[in-house]
Amino acid sequence: MAEQGIGTAGEREGGTAGGRPDGARDERRLAQFEEHRARLWGVAYRIMGTVSDADDAVQEAWLRWQALPDEPPIASPRGFLTTVVSRICYDLLGSARARRELYVGPWLPEPLLDGGGGAPGGALGTGTGGSAAPGDPQDRVTLDESVGMALLTVLERLTPAERTAFVLHDVFAVPFPEIADAVGRTPDAVRQLASRARKRVRAEAPRRTVDPTEHRRTVEAFLGAVMGGDFAALMETLDPEVVWRSDGGGKVTAARRPVLGRDKVARYVWGLLTRGFDAATMRMAVREVNGATGLVFTDLTGAYPPGVLAFTVHDGRITEVDAVINPEKLGHLELGE
C-alpha cells in the first residue's frame with residue numbers, strides 16, 4: 001500500500017533497481033522512521049485531536065514507509081513522511097467529523113499529560129523549534145500553544161483542508177508545495193487555506209496569558225478554593241465571561257452544553273462539590289495538561305469518575321475550563337491517585 005506518489009519534486013533521487021529487503025535494510029528503514037516518529041505523532045495529534053487516531057496514522061505511515069522500494073531512494077525522509085502522515089490524517093478527518101457531529105455533548109480533544117501522555121517518548125512533536133511561518137509574529141503559533149486544549153477546540157471548527165494547512169504551515173513550517181501534495185490542492189490554493197484558517201483562529205482563539213507562572217498561580221488558586229470549600233474565593237478566580245465545557249460523551253454525567261458566565265460556572269462547580277465530592281477520598285493533582293498547568297482528579301473509592309481539567313487564563317482569571325471526563329478519552333493516561 002505504498003503511496004509513492006506523495007512527496008514534492010526533488011524528494012526522490014535517481015538510482016538503480018534495488019534488491020530484496022534484508023536485515024540491514026530493515027534496520028536502516030526503522031532507524032530513519034524512529035528519528036522522525038515524535039514529529040509525525042505531533043503532526044497527527046494536532047490534525048486529529050485524538051491519541052488513538054494519531055497512533056493509527058503513524059502506524060499506517062510506518063507500513064507505507066516499510067513497503068517502499070529501495071530505488072529510487074528518498075532524498076528527504078522527514079519531508080516525505082510528514083506528507084504521508086498528513087495525507088492519512090486529512091483522509092481520516094472527514095469520517096471523524098461526521099462521528100463528532102453525533103457526539104453526546106461538547107466534543108473535546110483527548111488530553112495529554114506532563115509533556116506527552118500517549119505521545120511516543122512523551123514528546124509533543126518537535127522538530128522546528130516552533131513556527132517559522134512568515135508574516136506578522138502575532139500570527140505565528142508555537143508548538144506549546146498549538147497543542148493547547150483551547151486552540152485544538154478552535155481547530156475543530158475549520159474544514160479538514162484548512163486545519164491540515166494551518167497545522168503544517170503555521171505550526172511545523174512545512175512549505176506550501178509539500179502541503180499541496182498532502183491535501184491534493186495547488187500551492188496557491190493551500191496558501192489561501194492557511195490564510196483563511198489563520199484569520200479564523202486569530203478571531204476565535206480565547207484570550208490567554210503567555211506567562212506560565214501567572215497561569216499556574218491562577219489554577220492553584222482555583223484548586224485551593226475548591227478544596228477549601230470557599231465559594232467567594234472560587235468566584236474570584238473566574239473571569240466574568242468564563243466558559244466551562246464538559247466532555248462526558250454520554251458515558252458519565254456531564255453538562256451537555258457549555259456553562260457560560262462567572263455566576264453559572266461557580267454554581268455549577270459548587271453543585272459538583274456538594275454532590276458526592278468527599279475531600280477525604282478525592283485526589284486533585286496539579287499536572288501539565290496539553291502544555292499548560294491543569295488538574296487531574298481521581299476518587300479513591302471509584303464512586304466519582306476521574307477527569308482532567310485544562311484551563312485558559314487571562315489577566316489572572318480563568319476564561320475557559322475544558323473538563324474531559326469521558327473514560328474512553330482517558331484510557332491512555334496514567335492518572336495516578
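The two residues Gly307 and Ile325 make their nearest non-hydrogen contact at CA-CG2, 3.8 Å. In plain terms, the two heavy atoms of Ala44 and Ala57 that are nearest each other are CB-CB, 4.2 Å. Closest approach of Leu234 and Ala266 over heavy atoms only: CD2-O, 3.8 Å. Contact between Phe33 and Ala61 at its shortest, heavy atoms only, is CE1-C, 3.9 Å. Taking both residues in full, the closest heavy atoms of Thr312 and Ala150 are given as OG1-CB, 3.4 Å, listed atom of the first, atom of the second, then distance. When all heavy atoms of Val84 and Arg64 are compared, the pair lying nearest together is CG1-CD, 4.1 Å.
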- Task: May I have the step-by-step check of side chain to side chain contact (heavy atoms under 4.5 Å, CB included) for Leu30 and Trp62, ending in yes or no?
- Result: CA-CA 9 Å; Leu30 179 59; Trp62 158 246; 4.0 Å; yes
- Verify side chain to side chain contact (heavy atoms under 4.5 Å, CB included) between Leu335 and Leu113, making sure each step is shown before the conclusion. CA-CA 9 Å; Leu335 298 179; Leu113 295 182; 4.0 Å; yes
- Task: Starting from the C-alpha separation in whole Å, work towards a yes-or-no answer on side chain to side chain contact (heavy atoms under 4.5 Å, CB included) for Leu151 and Arg208.
- Result: CA-CA 11 Å; Leu151 181 57; Arg208 60 181 294 276; over 6 Å; no
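In this structure a side-chain-to-backbone donor-acceptor pair under 3.5 Å is present from Asp114 to Glu288. Judged by distance alone, with hydrogens and angles left aside, the side-chain atoms of Lys329 form no donor-acceptor pair with the main-chain N or O of Asp247 at under 3.5 Å. In this structure a side-chain-to-backbone donor-acceptor pair under 3.5 Å is missing from Arg216 to Thr293. In this structure, His332 contributes its side chain and Pro111 its backbone to a donor-acceptor pair below 3.5 Å.
For the side chain to side chain contact (heavy atoms under 4.5 Å, CB included) test, residues two or more places apart in sequence or in another chain that qualify with Thr218 are Glu214, Val313, Ile318. Ala161 pairs by the side chain to side chain contact (heavy atoms under 4.5 Å, CB included) definition with Tyr90, Thr159, Arg185, Leu193, not counting sequence neighbours. The side chain to side chain contact (heavy atoms under 4.5 Å, CB included) check on Arg200 picks up Arg157, Leu158, Glu204, with sequence neighbours excluded.
To the nearest 0.5 Å, the span separating OG1 on Thr319 from CZ on Arg262 amounts to 12.0 Å. Of the inter-residue distances, the one linking Ile47 atom CD1 with Phe166 atom CZ reads 12.0 Å to the nearest 0.5 angstrom. Residue Asp263 holds its CG atom at 15.0 Å from OH of Tyr268, rounded to the nearest 0.5 Å. The line from CZ of Arg287 to CG of Leu333 is 8.0 Å long, rounded to the nearest 0.5 Å. Atoms CD1 and OG1, on Ile179 and Thr164 in that order, are 9.0 Å from each other to the nearest 0.5 Å. Taking CG of Leu238 as the start and CD of Glu241 as the end, the distance is 12.5 Å to the nearest 0.5 Å.
The shortest side-chain heavy-atom distance between Ser86 and Val183 does not fall under the 4.5 Å cut-off. You'll find the side chain of Asp55 reaches within 4.5 Å of the side chain of Val51, heavy atoms only. Looking at Phe172 and Thr82, their side chains never come closer than 4.5 Å, going by heavy atoms from C-beta outward. Looking at His314 and Pro206, their side chains never come closer than 4.5 Å, going by heavy atoms from C-beta outward. When side chains are defined from C-beta on, Val242 does not count as touching Arg317, because their heavy atoms never get closer than 4.5 Å. Residues Val324 and Glu110 are not in side-chain contact: their nearest non-hydrogen atoms beyond the backbone lie 4.5 Å or more apart. Leu309 has its side chain out of reach of Val289: every pair of non-hydrogen atoms, C-beta onward, lies at least 4.5 Å apart. Side-chain contact between Ile74 and Gln32 is absent, with no heavy atoms from C-beta onward closer than 4.5 Å.
With respect to Arg87 and Asp91, no salt bridge is recorded, no charged nitrogen being found less than 4.0 Å from a carboxylate O. Under a 4.0 Å N-O distance rule, the pair Arg37/Glu34 qualifies as a salt bridge.
Note on Leu152 and Leu93: same hydrophobic cluster, where clusters join Ile, Leu, Val, Met, Phe, Trp and Tyr whose side-chain heavy atoms are under 4.5 Å apart, directly or indirectly. A single hydrophobic cluster is seen to contain both Val219 and Met235, as judged by linkage of ILVMFWY side chains at heavy-atom distances under 4.5 Å, directly or through other members. Hydrophobic cluster membership is shared by Leu63 and Trp65, with clusters built from Ile, Leu, Val, Met, Phe, Trp and Tyr side chains linked at under 4.5 angstrom. Put simply, Leu295 and Met227 are part of the same group of oily side chains (I, L, V, M, F, W, Y) that touch within less than 4.5 Å, one to the next. No chain of hydrophobic side-chain contacts below 4.5 Å, direct or via other Ile, Leu, Val, Met, Phe, Trp or Tyr residues, connects Leu272 to Val243.
The aromatic rings of Tyr103 and Trp107 stand perpendicular to each other, their planes meeting at an angle above 60°, with 30° marking the opposite boundary.
Applying side-chain hydrogen bond (donor to acceptor under 3.5 Å, both in side chains) to Tyr45 and the options Asn290, Thr50, Asp53 leaves one that passes, Asn290. Only one option out of Arg198, Arg46, Arg191, Arg163 pairs with Asp170 in a salt bridge (charged side-chain N to carboxylate O under 4.0 Å, His left out); it is Arg198.
Within the cation-pi definition used here (under 6.0 Å to the ring centroid, within 45° of the axis), Lys264 does not qualify as a partner of Trp244.
Atom CZ of Arg97 has more than 12 heavy atoms from other residues, nucleotides or ligands within 6.0 Å.
A donor-acceptor contact under 3.5 angstrom links the side chains of Thr301 and Asp299, judged on distance only.
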